[in-house]
Amino acid sequence: MAKEPVRVLVTGAAGQIGYALVPMIARGVMLGPDQPVILHMLDIPPAAEALNGVKMELVDAAFPLLKGVVATTDVVEACTGVNVAVMVGGFPRKEGMERKDVMSKNVSIYKSQASALEKHAAANCKVLVVANPANTNALILKEFAPSIPEKNITCLTRLDHNRALGQISERLSIQVSDVKNVIIWGNHSSSQYPDVNHATVKTPAGEKPVRELVKDDEWLNAEFITTVQQRGAAIIKARKLSSALSAASSACDHIRDWVLGTPEGTWVSMGVYSDGSYNVPAGLIYSFPVTCQNGEWKIVQGLSIDEFSRKKLDLTADELSEEKALAYSCLS
Ligand SMILES: NC(=O)c1ccc[n+]([C@@H]2O[C@H](COP(=O)([O-])OP(=O)(O)OC[C@H]3O[C@@H](n4cnc5c(N)ncnc54)[C@H](O)[C@@H]3O)[C@@H](O)[C@H]2O)c1
Ligand SMILES: O=C(O)C[C@H](O)C(=O)O
């Protein structure tokens with residue numbers, strides 16, 4: 001029997017990530033090739049005409065899995081009955097800005113959209129915040145939607161995770177699909193810590209540690225880390241626009257693994273509500289290594305953290321605590 005359609009909300013759907021993301025969802029990249037979807041697309045009134053143009057293109061593309069499209073500037077209509085909410089709406093960073101520079105505009109959006117989701121989304125709706133500052137927007141959404149379980153509110157650091165996989169595969173001239181278990185700790189910002197201490201590569205002789213194959217700790221402890229931390233800025237410099245296709249693709253990876261599960265022996269990075277694991281202060285949305293099963297994520301426990309890593313985990317946690325305070329000051 002055919003599956004019931006899943007309703008997927010994309011906010012900021014007339015923007016550049018939205019334009020890359022909605023066809024991926026309609027093709028089954030996010031929820032699987034046999035899962036029908038109904039897209040709910042929200043944008044603000046100045047973008048209404050462009051949003052309607054995106055709707056026209058979705059109709060024209062005749063996606064077999066796409067069972068309906070709601071294109072609206074009304075947040076209640078957009079949120080009603082949605083099972084998955086991908087929150088992309090907001091103001092992107094421009095060249096020379098840090099992500100926290102876009103804080104005040106974006107956190108107030110997330111405060112008001114929190115209530116709409118809480119009141120109108122389907123029970124157990126899974127929320128992914130993409131718009132920056134992603135961790136802090138997600139935290140504000142969580143705090144202003146107290147009836148949504150905290151396990152249902154996440155932010156995107158899968159793009160950083162995928163960037164780390166990409167850098168290792170380029171360095172070793174191997175397939176990116178043969179690298180796994182990198183970790184992005186902390187904030188989706190330049191303070192994030194891309195950690196390869198537990199990452200492995202599939203080789204004809206079995207799985208080998210990334211460190212053993214790269215044989216260059218100096219590169220792994222310095223240039224590799226800054227390249228991943230600064231990749232968003234490098235894309236902005238090159239394109240004069242922030243990353244879009246890679247962000248959209250990573251958002252699909254994030255939701256797909258959350259809903260359908262991570263492969264055995266593999267973890268991914270997700271920004272989730274900290275429970276104090278790895279001595280990260282509770283009450284922050286912080287990126288951890290997670291595995292997913294039956295639609296639930298779980299922080300991978302028991303990984304060894306050396307002194308070098310400890311400092312980096314703490315530094316990015318400190319930045320998130322500062323952002324949290326700044327967000328509240330913007331809202332007051
Ligand atoms: N977490 C990540 O990995 C990651 C990666 C790339 C970009 N981003 C962030 O994603 C966001 C979107 O980037 P983009 O390049 O698509 O930007 P964009 O400006 O092209 O699109 C944003 C869209 O959001 C809309 N919007 C603004 N306020 C809104 C509101 N209140 N409700 C609904 N829609 C609203 C705008 O009209 C616009 O169409 C930015 O904040 C960007 O920094 C995050
Ligand atoms: O860097 C940005 O502001 C855009 C985005 O968060 C990215 O990482 O590409």
Side-chain angles (χ1 to χ4, degrees), residues 9-22 40-54 71-79 85-117 127-138 140-141 154-164 166 184 186-192 194 227-255 269-271 285 287:
L9 167 66
V10 176
T11 71
Q16 46 145 9
I17 296 178
Y19 192 70
L21 178 60
V22 291
H40 287 222
M41 304 194 297
L42 175 71
D43 214 293
I44 48 176
E49 201 180 346
L51 186 67
N52 195 41
V54 178
T72 182
T73 57
D74 174 9
V75 66
V76 171
E77 187 187 5
C79 292
V86 188
M87 311 299 286
V88 186
F91 293 88
R93 170 165 81 122
K94 302 275 160 47
E95 201 171 345
M97 291 165 86
E98 280 297 317
R99 291 189 186 96
K100 62 182 161 206
D101 298 334
V102 291
M103 169 86 73
S104 67
K105 283 182 167 184
N106 285 320
V107 288
S108 53
I109 297 175
Y110 283 81
K111 181 182 171 188
S112 69
Q113 294 185 351
S115 335
L117 272 176
V127 182
L128 165 62
V129 177
V130 175
N132 284 316
N135 302 54
T136 299
N137 286 340
I140 293 301
L141 198 153
T154 64
C155 84
L156 188 71
T157 55
R158 183 62 175 271
L159 174 55
D160 311 288
H161 182 100
N162 289 346
R163 285 168 171 164
I184 302 299
N187 199 0
H188 172 67
S189 79
S190 51
S191 76
Q192 68 180 256
T227 300
V228 177
Q229 289 172 331
Q230 298 293 339
R231 191 68 160 185
I235 305 281
I236 294 173
K237 190 159 187 290
R239 278 186 8 103
K240 313 295 174 228
L241 287 169
S242 63
S243 62
L245 84 86
S246 55
S249 179
S250 304
C252 289
D253 289 344
H254 176 114
I255 298 286
S269 302
M270 278 170 72
I285 300 265
S287 179

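Quick note: numbers below take in every heavy atom, side chains included, and nothing from hydrogens, waters or symmetry partners. Atoms within each ligand, like the ligands themselves, are counted from 1 in listed order.
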For ligand 1, which atoms have a heavy atom of Phe91 less than 4.0 angstrom away? 41 (O)

Would you mind running through ligand 2 and noting each atom that sits below 4.0 Å from a heavy atom of Ser243? 7 (C), 9 (O)

Option whose closest heavy atom lies nearest to atom 41 (O) of ligand 1, chosen from Leu156, Asn132, Asn135: Asn132

Heavy atoms only, cut-off 4.0 Å: how does Ile235 contact ligand 2, side chain, backbone, both, or neither? neither

Near Leu159, which atoms of ligand 1 are under 4.0 Å from a heavy atom of that residue? 3 (O), 5 (C)

Backbone or side-chain N or O of Gly15 under 3.5 Å from ligand 1 N or O: yes

Looking at Val88, Thr73, Ile235, the heavy atom closest to atom 12 (C) of ligand 1 belongs to Val88

For ligand 2 and Asn132, I'd like to know whether there is a polar contact (N/O to N/O, distance under 3.5 Å). yes

Atoms in ligand 1 flagged as close to Ala247, the criterion being non-hydrogen separation under 4.0 Å: 5 (C), 6 (C)

Could you tell me whether a side-chain N or O of Gln229 sits under 3.5 Å from a main-chain N or O of Pro194, the two making a donor and an acceptor? no

Under 3.5 Å between some N or O of ligand 1 and some N or O of Asn106? no

Any N or O of His188 closer than 3.5 Å to N or O of ligand 2: yes

For the side chain of Gln192 and the backbone of Gly186, is there at least one donor-acceptor N/O pair under 3.5 Å apart? no

Closer than 3.5 angstrom, by distance alone: can the side chain of Ser250 be matched with the main-chain N or O of Ser246 as a donor-acceptor pair? yes

Is any side-chain heavy atom of Pro133 closer than 4.5 Å to one of His188? no

Could you tell me whether ligand 2 has any atom less than 4.0 Å away from a heavy atom of Gln192? no

Looking only at heavy atoms of Ala244, does any of them come nearer than 4.0 Å to an atom of ligand 1? no

For ligand 1, which atoms, with element, lie under 4.0 Å from some heavy atom of Gly89? 24 (O), 34 (N), 35 (C)

Atom indices of ligand 1, in the order listed, that fall short of 4.0 Å to a heavy atom of Ser242: 15 (O)

Would His188 count as being in polar contact with ligand 1, using the rule that some N or O on each side must be under 3.5 angstrom apart? yes

Ignoring angles and geometry beyond distance, decide whether Ile17 reaches within less than 3.5 Å of ligand 1 through its nitrogen or oxygen atoms. yes

Counting distance only, does the side-chain N/O of Asp160 pair as donor-acceptor with the main-chain N or O of Val228 below 3.5 Å? no

Go through ligand 2 atom by atom and flag the ones less than 4.0 Å from a non-hydrogen atom of Ser242. 4 (C)

Whether Thr11 side chain and Gly89 backbone form a donor-acceptor pair below 3.5 Å: yes

Do Met87 and Cys155 touch side chain to side chain, with heavy atoms closer than 4.5 Å? no

Close side-chain approach of Tyr110 to Thr136, heavy-atom, < 4.5 Å: no

4.5 Å side-chain heavy-atom contact, Asn137 and Val107: yes

Closer than 3.5 angstrom, by distance alone: can the side chain of Arg163 be matched with the main-chain N or O of Gly166 as a donor-acceptor pair? no

With heavy atoms of Arg163 as the reference, note each atom of ligand 2 found under 4.0 Å away. 7 (C), 8 (O), 9 (O)

Please check this pair: side chain of Ser287 against backbone of Ile184, looking for a donor-acceptor N/O pair closer than 3.5 Å. yes

Measure the shortest side-chain to side-chain distance between Asp253 and His161 over non-hydrogen atoms and say whether it is less than 4.5 angstrom. no

Residues Val22 and Val10: closest non-hydrogen pair is CG1-CG2, 4.1 Å

If you look at every heavy atom in Arg158 and His254, which pair is closest and at what distance? NH1-N, 4.0 Å

For Gln113, atoms of ligand 1 separated by under 4.0 Å from a heavy atom: 30 (C), 31 (N), 32 (N), 33 (C)

Heteroatom proximity flag, Gly90 to ligand 1, N/O under 3.5 Å: yes

Part of Gln230 with heavy atoms under 4.0 Å of ligand 2, whether side chain, backbone, both or neither: neither

Is it the side chain (CB and beyond), the backbone, both or neither of Arg231 that lies under 4.0 Å from ligand 2, heavy atoms counted? neither

Please identify which atoms of ligand 1 are closer than 4.0 Å to at least one heavy atom of Ala14. 39 (O)

Using a 4.0 Å cutoff against the non-hydrogen atoms of Ile109, which atoms of ligand 1 qualify? 28 (N), 31 (N)

Regarding atom 36 (C) of ligand 1: of the candidates Asp160, Asp43, Val130, which has the closest heavy atom? Asp43

Looking only at atom types and distance, does a side-chain atom of Asp43 sit under 3.5 Å from a main-chain N or O of Ala48, one as donor and one as acceptor? no

